[in-house]
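Just so it is clear, the structure is predicted and the values come from calculations on it, not from any experiment. Order of the sequence lines fixes the chain letters, A, B, ..., with proteins taken first and strands second; residue numbering starts at 1 for each chain.
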2 protein chains.
Amino acid sequence: MSRKYDWRTGCDVEATLCVLGGRWKPVLLFHLLDGPKRFGELCRLTPNATQRMITLQLRELEEDGVIIRTVYPEVPPHVDYRLSEFGQTLEPLLLSMRSWGEDFKRRQSGLQSEIPELSRETG
Amino acid sequence: MSRKYDWRTGCDVEATLCVLGGRWKPVLLFHLLDGPKRFGELCRLTPNATQRMITLQLRELEEDGVIIRTVYPEVPPHVDYRLSEFGQTLEPLLLSMRSWGEDFKRRQSGLQSEIPELSRETG
DNA sequence: CTGGATCCCAAGGGATACTG
DNA sequence: CAGTATCCCTTGGGATCCAG
């Protein structure tokens, strides 16, 4: 459980943030929606996060029972992460986040071409 | 725009976190779903956050065009916050967060009564 | 009533190097 | 491959006081 939020006294949204309220948690969980992923895959899928942060966030998600970490006793090491049954209940929420993000990106791209001051930043 | 996430290079979920990725942002926005609220109301509705944090988060949401701050030139001061048209597109997502939080709270309460080690914490 | 200003500590989080 | 460990800077965020 994230120690930052109190699901007892807060509103329902705050309760959700107990679990989802980490820097990279929604992103990692989203990537796990389409099946188990290895550590390296998650790193490649989340290039803006450092390896260290990915590790830490995965640990917390595991503690909270949202994901399951499986170690295969092989050489070289093989570990994968998958959503627990509990974690899968987050799917509608995560898809909703993706959906809004899609629209948001379109909006931002639109704004960029409309506002010279912003698009000039790249030129 | 929150400087912590990069909506350009990140996945769609990460784009959403550009806007929603603040400590209290989802909670504040959720409370604004049922109409404009004054500063004091938001403070009372979000007792786990300090006045300072509420101010800061509201400022960022305003910068991002998600909410609109209206100052009524009265004495004593009267300010209210409401969702912009853009901000209202977050409604499904916020409702989804509330819904999941409800279930989560029920689950936690259930676990507490089932696991002596946890419920003993309050005794 | 609605904040702003300041102080200050804890936590977040990046870079890098190392390891079974 | 899948992490740990360490260093160190930045940000978050609480407490408190001040103000129009």
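- For the atom pair NZ (A:K25) and CG (A:L94), the distance works out to 13.0 Å, reported to the nearest 0.5 Å.
- In terms of modelled atom types and a separation under 3.5 Å, the side chain of B:T16 and the main chain of A:W100 share no donor-acceptor contact.
- Regarding A:L17, its CG atom lies at a distance of 16 Å from the C1' atom of D:dG12, rounded to whole Å.
- A:K37 and A:D34 get closest at one heavy-atom pair: NZ-OD2, 3.5 Å.
- Among residue pairs with one or both ends in residues 80-100 of chain A, none qualify as salt bridge (Lys or Arg N to Asp or Glu O under 4.0 Å); sequence neighbours excluded.
- Interatomic distance, CD of B:E60 versus CG of B:L28, reported as 11.0 Å (0.5 Å rounding).
- The ring pair (Phe, Tyr, Trp, His ring centres under 6.0 Å) analysis of residues 44-78 of chain A, with sequence neighbours excluded, yields the pairs A:Y72-A:H78.
- Listed by residue number, the members of residues 49-59 of chain A with any heavy atom below 4.0 angstrom from DNA chain D are A:Q51, A:R52, A:T55, A:R59.
- Heavy atoms only, all atoms of each residue included: A:L17 and B:V27 are closest at CD1-CG2, 3.9 Å.
- Ring planes of A:W7 and B:F104: perpendicular class, angle over 60° (limits at 30 and 60°).
- Considering only heavy atoms from C-beta on, A:L95 comes within 4.5 Å of A:L33 through its side chain.
- Straight-line distance from the CD atom of B:E60 to the P atom of D:dT11: 12 Å, rounded to whole Å.
- Dashed line: the shortest gap from a side-chain N or O of A:R69 to OP1 or OP2 of D:dG3 is under 4.0 Å.
- A heavy-atom distance below 4.0 Å to DNA chain C is reached by these residues of residues 72-83 of chain B, ordered by number: B:P76, B:P77, B:V79, B:Y81.
- Across all their heavy atoms, A:S84 and A:G65 have their closest contact at OG-O, 2.6 Å.
- Residue A:H31 comes nearest to A:L45 through the heavy atom pair CE1-O, 3.1 Å, listed as atom of the first residue, atom of the second, then distance.
- For the helix from C:dC1-D:dG20 to C:dG20-D:dC1, the terminal axes (five pairs an end, C1' atoms, rotation from four pairs onto the next four) enclose an angle of 60°, given to 10 degrees.
- Taking the six-membered ring for Trp, A:W24 and B:Y5 have ring centres closer than 6.0 Å.
- The stretch residues 27-47 of chain A touches DNA chain D through A:R38, A:F39, A:G40, each having a heavy atom under 4.0 angstrom from the strand.
- B:Q57 places a side-chain N or O within donor-acceptor distance of the main-chain N or O of B:R23, the cut-off being under 3.5 Å.
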